[in-house]
Q: 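Dropping the structure in here first, questions after.
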Amino acid sequence: MKKTKVILTADVDNLGTSGDVVSVAAGYARNYLVPRRMAQPWTPKAQRQIDDMVRARRRREIANIEDARAVRDAIEGSNGVTVAKRASDDGRLFGSVSAAEIAAAVAEQLHQTVDRRKIVITQPLKSLGKHEVTCKLHEDVSVTLPVLVEAE
């Protein structure tokens with residue numbers, strides 16, 4: 001199997017974060033990562049850009065870990081968020097609760113900012129009641145967020 005080096009331009013689960021240089025199968029890079037703009041081919045000239053991105057990320061992470069801990073403490077100190085959705089008489093939702101709706105509820109009810117891409121929903125929220133989702137606020141900071149789904 002032929003391998004190729006790529007520079008990740010976005011965080012990819014189980015592969016790496018933005019700015020990492022990884023070696024992947026050539027077909028995976030050519031058919032999936034590059035067309036979706038998650039990566040670009042590695043070149044020696046691009047190595048300087050990678051180094052700049054890594055330095056900038058390190059500067060941001062030092063500040064972000066404190067912010068992530070503050071958001072985690074605010075979420076842990078609350079009873080979670082409530083999301084209202086249309087539901088049938090037997091408690092099934094018409095559709096499901098999305099990560100964007102949960103992020104909007106956190107912003108509105110808890111006055112904290114959580115990126116929708118950092119909210120991990122393991123099972124689709126398709127029924128009324130109390131559910132739990134995980135928010136990966138930082139590489140080292142995550143929190144379990146209780147979500148109460150109510151009928152509109």
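Nothing fancy with the numbering, it's 1 onward along the sequence.
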Q: Rounded to the nearest 0.5 Å, what separates atom CD in Glu152 from atom CD in Glu150?
A: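 It is 10.5 Å, given to the nearest 0.5 Å.
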Q: Could you go through the side chain to side chain contact (heavy atoms under 4.5 Å, CB included) check for Gln109 and Thr82 one step at a time?
A: CA-CA 8 Å; Gln109 297 168 21; Thr82 304; 4.2 Å; yes
Q: Pro146 and Lys130: which non-hydrogen atoms are nearest, and at how many Å?
A: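 What the structure gives for the nearest pair is CB-CE, 3.9 Å.
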Q: With rounding to the nearest 0.5 angstrom, report the OG to CG distance, Ser78 to Asp73.
A: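 Taking OG in Ser78 and CG in Asp73, the distance rounds to 11.0 Å.
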Q: Evaluate Ile65 against Val141 for side chain to side chain contact (heavy atoms under 4.5 Å, CB included), listing each step before the verdict.
A: CA-CA 7 Å; Ile65 195 161; Val141 181; 4.2 Å; yes
Q: Measure the spacing between CD1 of Ile7 and OG1 of Thr43 and express it to the nearest 0.5 Å.
A: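 Going from the CD1 atom of Ile7 to the OG1 atom of Thr43 covers 5.5 Å.
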Q: How close do Thr134 and Ser142 get, heavy atom to heavy atom, and via which atoms?
A: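 Smallest interatomic distance, heavy atoms only, reads CG2-CB, 4.4 Å.
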Q: With rounding to the nearest 0.5 angstrom, report the NZ to CG distance, Lys136 to Asp11.
A: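 Interatomic distance, Lys136 NZ to Asp11 CG, rounded to 0.5 Å: 10.5 Å.
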Q: Answer yes or no: is there a side-chain heavy-atom contact under 4.5 Å between Val24 and Leu33?
A: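 They are in contact (side-chain heavy atoms under 4.5 Å apart), so the answer is yes.
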Q: Say you draw a straight line from CG of Leu137 to CD of Gln112; how long is it, rounded to the nearest 0.5 Å?
A: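 The CG atom of Leu137 sits 9.5 Å away from the CD atom of Gln112.
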Q: Looking only at heavy atoms, what is the nearest atom pair of Thr9 and Arg37, with distance?
A: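 Reported closest heavy-atom pair: OG1-O, 2.8 Å.
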Q: Would you call Arg72 and Ile75 a side-chain contact if the rule is heavy atoms closer than 4.5 Å?
A: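 Of all side-chain heavy-atom pairs linking Ile75 with Arg72, none is under 4.5 Å.
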Q: Tell me, do His131 and Val149 make a side-chain contact under 4.5 Å, heavy atoms counted?
A: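 Result yes, sub-4.5 Å side-chain heavy-atom pair found.
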Q: What residues, two or more places apart in sequence or in another chain, satisfy side-chain hydrogen bond (donor to acceptor under 3.5 Å, both in side chains) together with Lys85?
A: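 side-chain hydrogen bond (donor to acceptor under 3.5 Å, both in side chains) check on Lys85 returns Glu101.
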Q: Could you go through the side chain to side chain contact (heavy atoms under 4.5 Å, CB included) check for Val6 and Gln40 one step at a time?
A: CA-CA 6 Å; Val6 293; Gln40 65 184 31; over 6 Å; no
Q: Quick check against the 3.5 Å criterion: does Asp20 have a side-chain atom that pairs as donor or acceptor with the backbone of Thr17?
A: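 Indeed, once roles are kept as given, a pair shorter than 3.5 Å links the two residues.
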Q: According to a hydrophobic-cluster definition based on side-chain heavy atoms being under 4.5 Å apart (Ile, Leu, Val, Met, Phe, Trp, Tyr only), do Val34 and Met38 belong together?
A: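 No: no chain of side-chain contacts under 4.5 Å links Val34 to Met38.
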Q: Using the rule that two of Ile, Leu, Val, Met, Phe, Trp, Tyr join whenever any of their side-chain heavy atoms come within less than 4.5 Å, decide whether Val22 and Val12 are in one cluster.
A: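 Yes, Val22 and Val12 fall within the same hydrophobic cluster.
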Q: If we only count heavy atoms from C-beta on, is the Leu145 to Val147 side-chain gap below 4.5 Å?
A: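 Contact flag for Leu145/Val147 side chains = yes.
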Q: From Tyr28 OH over to Thr4 OG1, what is the distance, rounded to the nearest 0.5 angstrom?
A: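 Tyr28 atom OH to Thr4 atom OG1 measures 13.5 Å (nearest 0.5 Å).
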Q: Does Lys45 NZ have over 12 foreign heavy atoms under 6.0 Å away?
A: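 No, NZ of Lys45 has 12 or fewer neighbouring heavy atoms, counting only those of other groups under 6.0 Å.
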Q: Within a radius of less than 6.0 Å around CG of Asp90, do more than 12 heavy atoms belonging to other residues, nucleotides or ligands occur?
A: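 Above 12, so yes.
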Q: Any idea which heavy atoms bring Lys126 and Ser96 closest together, and the distance?
A: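 So the minimum-distance heavy-atom pair works out to CG-CB, 3.7 Å.
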Q: Do Leu110 and Val133 belong to the same hydrophobic cluster, where Ile, Leu, Val, Met, Phe, Trp and Tyr are linked whenever their side-chain heavy atoms lie under 4.5 Å apart, directly or via other members?
A: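 As far as the 4.5 Å side-chain criterion goes, Val133 and Leu110 are connected within one cluster.
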Q: Would you call Asp52 and Arg55 a salt bridge, using N to O less than 4.0 angstrom?
A: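 A salt bridge links Asp52 with Arg55.
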Q: Of the non-hydrogen atoms in Pro35 and Ala29, which two are nearest, and what is the gap between them?
A: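 Heavy atoms of Pro35 and Ala29 come nearest at CD-O, 3.9 Å.
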Q: Side chains of Leu8 and Ser18: does their closest heavy-atom pair fall under 4.5 Å?
A: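 No, side chains not in contact.
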Q: Name each donor-acceptor pair under 3.5 Å that joins a side chain in residues 117-125 to protein atoms two or more places apart or in another chain, with its distance.
A:
from, atom 1, to, atom 2, distance (Å)
Arg117, NE, Asp115, OD2, 3.2
Arg117, NH2, Asp115, OD2, 3.0

